[in-house]
Structures are given as structure tokens and as C-alpha cells.
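See structure below.
None of the values given here were measured: they were computed from a predicted structure.
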Amino acid sequence: MDLLVAAVGWIGAGLMLYAYARVSAGAMAGDGLPYQLINLAGSLALMVNTAYNAAWPSAILNVVWAAIGVVSIVRLKEAIR
């Protein structure tokens with residue numbers, strides 16, 4: 001189980017770094033749906049890892065990060081309507 005949770009954490013970190021790098025390089029819009037979805041997936045994965053390891057400040061940070069992502073995605077979906 002420890003190895004699986006570690007892998008989930010590394011995947012989450014990779015996703016968030018990938019999204020940040022793409023936005024920083026101008027290859028992805030920071031206010032677009034792809035960025036928000038990648039960021040949400042990354043924060044959820046890191047939330048699992050940090051909660052499992054009882055790293056509560058990081059776990060709470062990722063809960064808030066995920067909540068911001070969900071709100072952003074809902075707003076983007078509403079803007080499309």
C-alpha cells in the first residue's frame with residue numbers, strides 16, 4: 001500500500017508541475033479548462049498521499065487547492081452555457 005500511495009503522490013506532483021510548466025511556457029492558458037482539470041487531478045493525488053502520510057498542512061493545502069479547482073471548473077462550464 002505504501003508504494004501505491006507514493007506512486008499516486010509522485011503522479012500528482014508530476015501533473016501539477018506539468019501544468020505549471022505549460023502555462024509558464026505559454027503553451028496552455030492558466031484560466032482554461034485543461035489547466036484546471038490537470039491541477040485538480042494533481043491536487044487530489046497529492047491530497048491522498050499527504051493525508052496517508054499524516055502531513056496535515058500539505059493535505060489541507062491540497063484540499064483547498066482542489067476546492068479552488070472545482071469552483072474554477074464550475075465557473076468555466078457556466079460561462080460556456
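- Under the side chain to side chain donor-acceptor pair (under 3.5 Å) criterion, Y20 pairs with no residue at all, not counting sequence neighbours.
- Note: N53 CG to N49 CG = 5.0 Å, rounded to the nearest 0.5 Å.
- Here the options are I68, L61, N62, the test is side chain to side chain contact (heavy atoms under 4.5 Å, CB included), and the partner is V64; only I68 passes.
- Every side chain to side chain contact (heavy atoms under 4.5 Å, CB included) that I38 has, sequence neighbours left out, goes to L15, Y18, A19, M28.
- Grouping the Ile, Leu, Val, Met, Phe, Trp and Tyr side chains by contacts below 4.5 angstrom, directly or via other members, places V70 with L37.
- Here the shortest heavy-atom pairing between W65 and S43 reads CD1-CB, 3.6 Å.
- Applying side chain to side chain contact (heavy atoms under 4.5 Å, CB included) to Q36 and the options V74, I73, V71 leaves one that passes, I73.
- The shortest heavy-atom contact between A51 and A59 is N-CB, 3.9 Å.
- Contact between A66 and L44 at its shortest, heavy atoms only, is CB-CD2, 3.9 Å.
- With sequence neighbours excluded, the residues that form a side chain to side chain contact (heavy atoms under 4.5 Å, CB included) with V63 are M47.
- Of all heavy-atom pairs spanning L46 and G12, the tightest one is CG-C, 4.0 Å.
- Summarising the geometry of L76 relative to G32, their closest heavy-atom pair is CD1-C, 3.8 Å, with the distance given to 0.1 Å.
- In this structure, the separation between CE on M16 and CG on L40 is 9.5 Å, given to the nearest 0.5 Å.
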